[in-house]
Trainee: 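Let me begin by handing over the structure; questions about it come next.
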Amino acid sequence: MTRAILGVVLLAAAAAAQGQIEARAAWVRGTVQGQTTAGAYIQLISGQRASLVGAESPAAGSAEIHELKMEGNVMRMRAVPRLELPPGKTVELKPGGHHMMLVDLKRALKKGDLVPIRLKVELSDKTIKTIQVLAEVRELAATGRQ
Ligand SMILES: [Cu+2]
């Protein structure tokens, strides 16, 4: 791990220790012409009990939280209303797991584009905190590993 990355990790850990919520490493999978949905991926770490309860983006008609589940021997995804963020634990929205889906895309997403996403996180006192992230578009075949 390089010193710069370690510094970012330590900063995030410090913020989480103060009860804050950090969102990092946000990216969106690029699309081809005519494609209307795109997976969005992000790491979340909360210093307090909280839940991701929604998101929105100016690039899409809506944004959904999806889970992947085996049904028989077919992997299917479906929208879920919320995703728990246990205190101090990094929750990763990633390919092959929970992810975010941008639905009704307004245009194709090209590698290198930046997509603003506003995350809605419900805190234990039921207040909603919004977190603005800029997700970088990666190529269609990206795996999430760098
Ligand atoms: Cu999905």
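Start at 1 and go down the list; that is how both ligands and their atoms are numbered.
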Trainee: Give a yes or no on whether the backbone of Leu109 and the side-chain of Thr31 come within a donor-acceptor separation of less than 3.5 Å.
Mentor: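 Yes: the side chain of Thr31 pairs with the backbone of Leu109.
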Trainee: Can you tell me if an N/O/S atom from Thr37 lies under 2.8 Å from the Cu ion (ligand 1)?
Mentor: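 No.
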Trainee: For the side chain of Arg118 and the backbone of Ala55, is there at least one donor-acceptor N/O pair under 3.5 Å apart?
Mentor: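 Looks like no, no N/O pair under 3.5 Å.
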Trainee: From the Cu ion (ligand 1) out to just under 2.8 Å, does an N/O/S atom of Met100 turn up?
Mentor: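 No, Met100 does not qualify, because none of its backbone or side-chain N, O or S atoms lies under 2.8 Å.
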Trainee: Given the Cu ion (ligand 1) as the apex, I'd like the angle to SD of Met101 and NE2 of His99, rounded to 10 degrees.
Mentor: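 That angle is 100°.
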Trainee: With carbon and hydrogen excluded and only N/O/S kept, which atom of His66 is nearest the Cu ion (ligand 1)?
Mentor: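 Result for His66 and the Cu ion (ligand 1): ND1.
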Trainee: Donor-acceptor pair, Ser57 side chain versus Pro116 backbone, under 3.5 Å?
Mentor: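 Yes: the side chain of Ser57 pairs with the backbone of Pro116.
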Trainee: Should the pair His99 and His66 be assigned to parallel (<30°), tilted (30 to 60°) or perpendicular (>60°) ring geometry?
Mentor: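 The arrangement is perpendicular - the two ring planes meet at more than 60°.
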